[in-house]
Amino acid sequence: MPSFRRLAAALLALVLIGAPVAAAAQKFSDEQRGQIEQIIKDYLVSHPEVLEEASDELSKRQANAAAEKHQAAIKDNAQAIFNSPRGVTLGNKDGDVTFVEFFDYNCGYCKRAMTDMLTLMKEDPKLKIVLKEFPVLGPPSVEAAQVAIAVRMQAPDGKKYLDFHQKLMGGRGQADKARAMAAAKDAGFDMARLEKDMASPEVRATIEESFRLAEAMGMNGTPSYVIGKQVVVGAVGLDTLRQKVALARCGKEQC
């Protein structure tokens, strides 16, 4: 095989894994570059399966890079993610795995994912759950989150908050201040105190903290989770969440 044909093969390998090839390509004349293009085309036509293999390898590398970025972001922000007083803690406060959910009260996927969270809390007595307000779906979501934060301030142990949370998340129609206040009243909260607490700097600081953490971890939608050292984006379902918890606990999808 002529030298440029060996280089053509090397260029093909670089192209398939997404590596830059401009520097290598400059070594060829126009005629050689035309021949290289034909060699690559002929090879791909004869072996189309390599495109799928290359795509799989690229996806794997991108996933590994994203996981490394997530782990670094989690390490840098661990205290705020797992132990901030601005989150609502449920389940086992001394659990061996912490399951953090970023949610929006107007997110339809979050409404369905709430059932997954409740199931995990019920079936896993060693699981610590942290809920973080992440109102990304507009002003009504921000209003609902503001009420929810005031609810958390009034009931920091999380028990009465969970009652409110289920009522608002499980309700029909758009969640806004009016609906959130109605859910809080139904759950037995002091409404005058809620109004007062909603105006406190703590409400704004809580929302800002959630957005800062989400940005650091590349989250832009709800529900999103941090489970151990893993970032999980989207309503992935109960079985996948169980696997992520097991992976955080023992390094395997099933302990």
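Source: prediction; values computed, not measured. All heavy atoms count here, side chains included; hydrogens, waters and symmetry mates do not.
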Please indicate whether N83 has more than 12 foreign heavy atoms, meaning atoms of other residues, nucleotides or ligands, lying under 6.0 Å from its CG.
yes

Heavy-atom count around K93 NZ within 6.0 Å, excluding the residue itself: above 12?
yes

Give the intermediate values and the outcome of side chain to side chain contact (heavy atoms under 4.5 Å, CB included) for residues H165 and L131.
CA-CA 10 Å; H165 180 76; L131 300 180; 4.0 Å; yes

How long is the straight-line distance from [atom2] of [Y] back to [atom1] of [X], given to the nearest 0.5 Å?
X	Y	atom1	atom2	result
K122	L127	NZ	CG	15.0 Å
E133	Q146	CD	CD	10.0 Å
M198	E195	CE	CD	5.5 Å
T98	I81	OG1	CD1	10.5 Å

Within the side chain of [X], is there an N or O that forms a donor-acceptor pair under 3.5 Å with the backbone of [Y]?
X	Y	answer
D124	L120	no
D104	L137	yes
K128	F82	yes
S224	G221	yes
K111	M169	yes
Q154	D190	yes

List in chain and number order the residues that pass ring-ring contact (aromatic ring centres under 6.0 Å, His included) with F189, two or more places apart in sequence or in another chain; answer none if no residue qualifies.
none

Which residues satisfy the ring-ring contact (aromatic ring centres under 6.0 Å, His included) test with Y225, sequence neighbours excluded?
F99

Where do R86 and E202 land on the salt bridge (Lys or Arg N to Asp or Glu O under 4.0 Å) test, with the steps shown first?
CA-CA 8 Å; R86 295 188 170 115; E202 177 67 13; 3.2 Å; yes

Is there a path of hydrophobic side-chain contacts, each under 4.5 Å between heavy atoms of I, L, V, M, F, W or Y residues, that connects I149 with V147?
no

Are M219 and V130 connected, step by step, through hydrophobic side chains (Ile, Leu, Val, Met, Phe, Trp, Tyr) whose heavy atoms are closer than 4.5 Å?
yes

Across all chains, not counting sequence neighbours, the side chain to side chain donor-acceptor pair (under 3.5 Å) partners of E208 are R204

In plain terms, say whether D163 and K159 are close enough for a salt bridge, that is, a side-chain N and a carboxylate O under 4.0 Å apart.
no

Got a salt bridge between D96 and R249, using NZ or NE/NH1/NH2 to carboxylate O under 4.0 Å?
yes

Between E209 and S84, do the side chains contain a donor N or O and an acceptor N or O under 3.5 Å apart?
yes

Between R179 and E143, does the salt bridge (Lys or Arg N to Asp or Glu O under 4.0 Å) criterion hold? Intermediate values first, please.
CA-CA 10 Å; R179 287 186 177 274; E143 293 176 4; over 6 Å; no

